[in-house]
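Atoms within a ligand are numbered from 1 in the order they appear, just like the ligands themselves. What you are looking at is a predicted structure, and each value in this text was computed from that prediction instead of being measured.
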Amino acid sequence: MSKERDLLLDKYSSRVFKNRKSHITQLEFGENGDEITANTRAIPGIITARGCCYAGCKGVVVGPVKDSVVITHGPIGCAFYSWGTRRNKAKPSYEGEPNFVPYSFCTDMRASDIVFGGEKKLEEGIDEIMELFHPKCIFICSTCPIGLIGDDVQAVARRVEEKYGITAIGYSCEGYKGVSQSAGHHIANNGLMRYVIGKGEEAPKGKYSVNILGEYNIGGDGWEQERILKKIGYEVVSVFTGDGSYETLKNSHLADLNLVMCHRSINYIAEMMKTKYGVDWLKVNFIGVGATSKSLRMMAKYFNDPELTKRTEEVIAEELAEINEDMEYYKSKLKGKTAGIFVGGSRSHHYQMLLRDFGMETTIAGYEFAHRDDYEGRDVIPQIKADADSKNIEEISVERAVGYDDRYSVEELTSLRNQGVELDTYNGMIKDMKEGYMVVDDYNMFETDQLIEEYKPDIFFSGIKDKYAIQHGGVVSRQMHSYDYSGPYAGFRGAVNFGRDVTMSLYTNAWSLVKPPWKTMPMLEGTLGGA
Ligand code: CFN
Ligand code: HCA
């Protein structure tokens, strides 16, 4: 084993060692090849950075749908701590359009409700919501105790639909389901597919229409993407789900093409829409100037219209001219710097492209809860075909997101190819990283410290849970989930914002003045992870 990998693993007990070894790969040494174990249970007590299933369903996927009310069915703490913490920006698209994103609704389950059941309380809560806000769609998101006491949230949703003639979806997205928030994405998407997509009949008016899938408008990213797409002449039918609405999502099946930004959280819908409605999808990345231009060119190629290709090139040239001077300035400040990047299930890959635009290298990277395909890439078409053949496509098992790897074996893929099934590929993170660099899945705080000590990145991108511990160690950290309340970082203008923020962070002298406690205090010695 390499020295760097040793450093991460040699303090672990044998059981923990065996587990974590398969989640860590160093590219040059080929110890795990380009393979990595992912989407498995975190080791209890290891201080993982992951979130829960409810976070993935309520916080990530359905929370941003602005004209719909999300009610948390559970104790008040779950609602409070998921209230406004994810920066999915939203504003009404026309006068009078409701925007419930700033609100938090909850049944506030108490001890007696847990004992006697909470369905009645949920229905009363929804009556109150209908009286005060009269939304067209309600999502009921269950937290841990609901599954334990067995409240039937789907039955409540059916009763609400009947009573009020609206759409209501009951989600059994209890926090403990699955191994991370990834299970929640899957559950949320299945519900949208079954109860929302396909309900509308309003066809797009533009010549070329798209949906943006897996874009949650953090810091306004989705708005920057829409600005560029509209400038070229595309009609954006709907965005899943950043600044999205029930009113637009229900017509999304009528768009020409699905653009998949965050593959991890939404590949389910892209594949289901391909099978059910024949809407093709393209994996795009609008993070990074090079990546954005490449994605726009791929789209023009897909539609294969010389006029559109010409317009795409004109817009790219105009946008580049606008940002060129700023980009060159920040590049002169950032070139040669190194980064570590550890985020949920997609950004650790996307942001490497933007860092490269500034001449920065990512030496250590990983995801909290990605699946193997996000690391290794995968052939994307056969999975849904096989599922669609065997069962109702909205019923695709949640098991796929619940702790087992969903990549097809080489034998299965070969057999599908031989049957004439067309395969498409999606490049994962590992193929885009250089030899010698380290990739760690479901990283923990101990490993973060070790990685920083060994690789000494100039900047470390991650989330709120580890940001301050990293800065105590004298390394600047920027939050890649919330952008430290800045942004947008997507598209052309976003790249400049990112360059400015990273330059400001790196060129403050505060970090060299920090003396980490372990440099002045004695440390405890021991073995991690028990016997
Ligand atoms: S906005 Fe997305 S881009 S949806 Fe996903 S995998 Fe989370 S909330 Mo945090 S920032 Fe993160 Fe990705 Fe897709 Fe965000 S990297 S962890 S569940 N994520
Ligand atoms: C979540 C949401 C989160 C958390 C961010 C963080 C987000 O996982 O439930 O840990 O800094 O982006 O808001 O990923």
With under 30° as parallel and over 60° as perpendicular, where do the rings of Phe498 and Tyr351 fit, or are they tilted in between? tilted

Backbone or side-chain N or O of Ile464 under 3.5 Å from ligand 2 N or O: yes

Run the numbers for me: atoms of ligand 1, each under 4.0 Å from some heavy atom of His185, listed by number. 17 (S)

Would you mind listing which atoms of ligand 2 come within a distance below 4.0 Å of any non-hydrogen atom of Gly463? 11 (O)

As an exercise, identify every atom of ligand 1 less than 4.0 angstrom from a heavy atom of His481. 9 (Mo), 10 (S), 11 (Fe), 16 (S)

Distance to 0.1 Å, residue and atom name: give those for the protein heavy atom nearest to atom 9 (O) of ligand 2. Ala55 CB, 3.3 Å

Using a strict cut-off of 4.0 Å, indicate which atoms of ligand 1 neighbour a heavy atom of Gly345. 6 (S), 12 (Fe), 15 (S)

Geometry only, no angles: is Arg86 polar-contacting ligand 2 at N/O separations under 3.5 Å? no

Short side-chain donor-acceptor distance under 3.5 Å, Tyr246 and Thr167: yes

Under 4.0 angstrom from atom 18 (N) of ligand 1, is there any protein heavy atom? no

Is there a polar contact between ligand 2 and Glu368, counting only N or O atoms under 3.5 Å apart? no

Shortest reach to atom 1 (C) of ligand 2 by a heavy atom, considering only Gln181, Lys465, His481: Gln181

Contacting atoms of ligand 1, where contact means under 4.0 angstrom from a heavy atom of Ser265: 4 (S), 13 (Fe)

